[in-house]
Amino acid sequence: MSAFINVSADKFFIVIMQTQHLSEQELLRREKLAELIMMGIEPYPAPLYPVNSNSAYIKEKFSEEKKTDFADVCLAGRIMSVRDMGKANFAVIQDAHGRIQLYIRRDDICPGEDKSLYDIVWKKLLDIGDIIGIKGYVFITKTGETSVHVKELTLLAKSLRPLPIVKEAEGQTFDAVTDPEFKYRQRYADLIINPSVKEVFLKRTKLINSIREFLNTREALEVDTPVLQAIPGGAAAKPFITHHNALDVPFYLRIANELYLKRLIVGGFDWVYEFSRNFRNEGMDRTHNPEFTILEFYVAYKDYLWMMETTEQLLEKAAMDVCGSTDVPVNDKTISFKAPYKRISIYDAIKEYTGFDVSKMNEEHLRSACKQMHVEVDKTMGKGKLIDAIFGAKCEQHFIQPTFIIDYPVEMSPLTKKHRSERGLVERFELIVNGKEIANAYSELNDPIDQRERFEEQAKLMERGDDEAMYIDYDFLRALEYGMPPTSGIGFGIDRICMLLTNQPSIQDVLLFPQMRPEKIQE
RNA sequence: GACUCCGUAGCUCAGCUGGUAGAGCUACUGACUCUUAAUCAGUAGGUCCAGGGUUCGAGUCCCUGCGGGGUCACCA
């Protein structure tokens, strides 16, 4: 062996000596690593491995008649289990497409006198979790399982950390790792050991692709707008604040991209969209992560009635593309995304579930009505927020099937165009599914003078102590003064739609890396 | 942020009214050339989340902290 190898081996002894906090099994794997190196086997080889197949393809396509097509397969994956029969054994490897059984016979991988590749390398030095490449031919075992008869075996990456072992038989799972902290912090391990987790994230990508396709076939233009904003606009929310050193100014992480997309409508695009990662400095729970994804799009010369129909079409397609049906199981219920969806005004919804007619109430009356309904309020809340509070507390949870809540009071919608016929209302809808808001849309306010007044109202709320009231964005007003066509816009909560279509109870289950308190890792 | 439950071996979990820590899987040693939760025999593996307190004695009781789940509040 070369000096290089010896130096490496010394290095590994140092590693072993210095890591006394390691478990017995971790130490053992480091010793195996050092042994492999001393045998001249590179545990982390550089050259590409010439994979020509995968587990799913083999299991789907192989048959006895076609076996000549499978006489020379090369695939790679992680060792998930080994059943040792002495001079032969069965192992299962997992690649990106699934799992497949290997049949490894000593005299096949060691045709000569030297049996060390099998007896020492394979049986002693390789472990569950290691990534290997194999070459061989496909066959079906006596018990009917499509397998690869291995002729050649290559170590591609040694695993130093024991993987939790989850076993399965007849659809039953044993010792599944269900600890949420483990799953969310070590998603990489969760993905390896729980195949159903991978399914969820494949569906998430399908959902986003489906929506993108829906929009692109309608000639919508995907754009990027700033995440770092000097004025966090477009929503009522508490922002994260950060600082730009060179400019020495504060910046906010965006809470919404709405005002930027509308600037682009002013600029002459007819239909723009963006999957916007938004950041809100608020509480976290099973439906809220500090950063989350909203798809917003804005379409010139349309109104919120058109938008309701478009929403129905988009969700119908998304459900079909992701679930293969417009009927989607959620918990013990079935939710139908088949158009059309029920429409009800927010005032009617409140009347239906509380008996109160709040449509003609002033702020004082609303306040006492809230008291009677046991809805918690505080002094900073204006009329709009009071109505929103009643709806949120008493109505929202009752709407399980997709329902458009329409025609909101003007006070709670500072960016929305006034209703064409109803005084005091705006042309807005929220789509509620399974008791949660998943979309919010309106006929956009394009009257720059009205918009300036609405911003000024928000400024007054801010003075009252409402820390979610909107800042006045003078550049946005300047844009509107050039003239924005009548426009309808919408924002979809992508994470929540994903929760529905994958039947997951928590937003953390549809985010690959949900936000967690920083972990203190001892080294 | 409030309330509440939880934290024991690499993993899943036992551990009663306080008495020196237990199983299965994994790992290790050995047997077995078509097994599949492979099987069989043997062995090892622990800062009981951390720090205090009560006690002759704490995994167990009390307090504080850390981390996580759930419910509520805020919100999408």
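In the text below, chain A, chain B and the rest are named by the order of the sequence lines, each starting its count at 1.
- Checking rC48(B) for Watson-Crick or G-U wobble geometry (two distances, each under 3.5 Å) identifies no partner in any strand.
- Ser413(A) contributes no side-chain N or O that, together with a main-chain N or O of Leu415(A), makes up a donor-acceptor pair within less than 3.5 Å.
- rU26(B) and rG68(B): their C1' atoms are spaced 25 Å apart (whole Å).
- Between rG53(B) and rG15(B), the distance separating the two C1' atoms is 24 Å to the nearest Å.
- Residues Val510(A) and Arg204(A) share a closest heavy-atom pair of O-NH1, 2.8 Å.
- Look at rA21(B): it lacks any Watson-Crick or wobble partner with both distances under 3.5 angstrom.
- Using N1 to N3 plus N6-O4 or O6-N4 for Watson-Crick, or N1-O2 and O6-N3 for G-U wobble, each under 3.5 Å, rG57(B) pairs with nothing.
- Out of rG69(B), rC28(B), rU29(B), the shortest distance to the side chain of Asp127(A) is found at rC28(B).
- For rC11(B), its base never sits under 3.5 Å from the side chain of Asp179(A) at any donor and acceptor pair.
- Nucleic acid contact for Gly493(A): none, since no nucleic acid atom lies under 4.0 Å from a heavy atom of the residue.
- In this structure, Gln508(A) reaches the rG69(B) phosphate: one of its side-chain N or O atoms is under 4.0 Å from OP1 or OP2.
- Contacts of Arg106(A) with the nucleic acid, taken as non-hydrogen atoms under 4.0 Å apart, are absent.
- Here the separation of rG52(B) from rU71(B), taken at their C1' atoms, is 31 Å to the nearest Å.
- If you check rC34(B), rC25(B), rG68(B) against the side chain of Lys167(A), the one that comes closest is rC25(B).
- rC72(B): Watson-Crick or G-U partner is rG1(B), with both key distances under 3.5 Å.
- Searching all strands for a Watson-Crick or G-U wobble partner of rG42(B) with both distances below 3.5 Å returns rC28(B).
- Using a 4.0 Å heavy-atom distance criterion, Lys124(A) is classed as a sugar-phosphate-only contact.
- Among the atoms of the strands shown, none is found under 4.0 Å from any heavy atom of Asp108(A).
- Residues meeting the side-chain hydrogen bond (donor to acceptor under 3.5 Å, both in side chains) test with His398(A), sequence neighbours left out: none.
- To the nearest whole angstrom, the two C1' atoms, one in rC74(B) and one in rA14(B), are 41 Å apart.
- Under the 30°/60° scheme for interplanar angles, the aromatic rings of Phe391(A) and Tyr408(A) are found to stand perpendicular.
- Going from atom CD1 of Ile193(A) over to atom CZ of Arg78(A) covers 11.0 Å, rounded to the nearest 0.5 Å.
- Checked against rA76(B), rC32(B), rC25(B), the side chain of Asp175(A) finds its nearest nucleotide in rC25(B).
- Under a 4.0 Å N-O distance rule, the pair Glu363(A)/Arg367(A) qualifies as a salt bridge.
- Counting only heavy atoms from C-beta on, Met516(A) has its side chain closest to rG68(B) among rU35(B), rC28(B), rG68(B).
- Taking 4.0 angstrom as the limit, Lys32(A) places none of its side-chain polar atoms (N or O) nearer than this to OP1 or OP2 of rA27(B).
- The distance from atom CG of Asp84(A) to atom P of rC32(B) is 10 Å, rounded to the nearest whole Å.
- Checking rA76(B), rU12(B), rC34(B) against every side-chain atom of Glu282(A), the shortest atom distance belongs to rA76(B).
- Taking atom C1' on both nucleotides, rA9(B) is separated from rC28(B) by 15 Å, rounded to a whole Å.
- When each of Val177(A) and Ile140(A) is assigned the nucleotide of RNA chain B bearing its nearest heavy atom, the one mapping closer to the 5' terminus is Val177(A).
- Nucleic acid contact for Glu26(A): none, since no nucleic acid atom lies under 4.0 Å from a heavy atom of the residue.
- One can place CG of Leu27(A) at 15 Å from C1' of rG46(B), the figure rounded to the nearest angstrom.
- Where Pro162(A) and Arg29(A) meet RNA chain B, the nucleotide closest to each residue was compared, and Pro162(A) sits on the side nearer the 5' end.
- Taking 4.0 Å as the cut-off between side-chain N and carboxylate O, Asp72(A) and Lys135(A) do not count as a salt-bridged pair.
- For Arg83(A) and rA38(B), the shortest distance from a side-chain N or O to OP1 or OP2 is below 4.0 Å.
- Separating the CD1 atom of Ile432(A) from the P atom of rA76(B) is a distance of 10 Å, rounded to the nearest angstrom.
- At whole-Å resolution of the value, CD1 in Ile165(A) and C1' in rA38(B) are 15 Å apart.
- Distances from the side chain of Glu24(A) to the nucleotides rU71(B), rA44(B), rU26(B) place rA44(B) closest.
- Applying the 4.0 Å criterion to OP1 and OP2 of rG69(B), one finds that Arg286(A) has every side-chain N and O outside that range.
- Atom-to-atom, CG of Leu125(A) to C1' of rA27(B) comes out at 14 Å; the value is rounded to the nearest Å.
- Side-chain atoms of Lys123(A) lie closest to rC32(B) of the nucleotides rC32(B), rA76(B), rC34(B).
- Note on Arg517(A): a side-chain N or O is less than 4.0 Å away from OP1 or OP2 of rG67(B).
- Spacing between atom OH of Tyr442(A) and atom C1' of rA76(B) amounts to 12 Å, rounded to whole angstrom units.
- Taking only side-chain atoms of Asp285(A), from C-beta outward, the nucleotide of rA76(B), rU35(B), rA73(B) with the closest atom is rA73(B).
- Counting only heavy atoms from C-beta on, Phe90(A) has its side chain closest to rU35(B) among rU35(B), rG45(B), rC25(B).
- Nucleotides rC3(B) and rU8(B) place their C1' atoms 26 Å apart, quoted to the nearest Å.
- Note on Ala235(A): nothing from the nucleic acid sits closer than 4.0 angstrom, heavy atoms only.
- To the nearest angstrom, P of rA31(B) lies 14 Å from CG of Asn89(A).
- Look at rG67(B): its Watson-Crick or wobble partner, with both distances under 3.5 angstrom, is rC6(B).
- rC6(B) and rU43(B) are spaced 34 Å apart, taking the C1' atom of each and rounding to whole Å.
- Judged by the 6.0 Å and 45° rule, Arg428(A) forms no cation-pi pair with Tyr442(A).
- Summarising the base pairing, rA37(B) is matched to no nucleotide, lacking a Watson-Crick or G-U wobble pair whose two defining distances lie under 3.5 Å.
- Rounding to whole angstrom units, CD of residue Glu437(A) and C1' of rA76(B) are separated by 6 Å.
- The backbone N or O of Gly98(A) lies less than 3.5 Å from a partner atom in the side chain of Asp95(A), making a donor-acceptor pair.
- Heavy atoms of Phe139(A) sit under 4.0 angstrom from at least one base atom.
- For Glu145(A) against rU35(B), no side-chain N or O and base N or O form a donor-acceptor pair under 3.5 Å.
- Distance from the side chain of Ile128(A) is smallest for rA27(B) among the nucleotides rA27(B), rC25(B), rU33(B).
- Side-chain contact between Ser55(A) and Gln94(A) is absent, with no heavy-atom pair separated by less than 4.5 Å.
- Rounded to a whole angstrom, the distance from the C1' atom of rA38(B) to that of rU33(B) is 14 Å.
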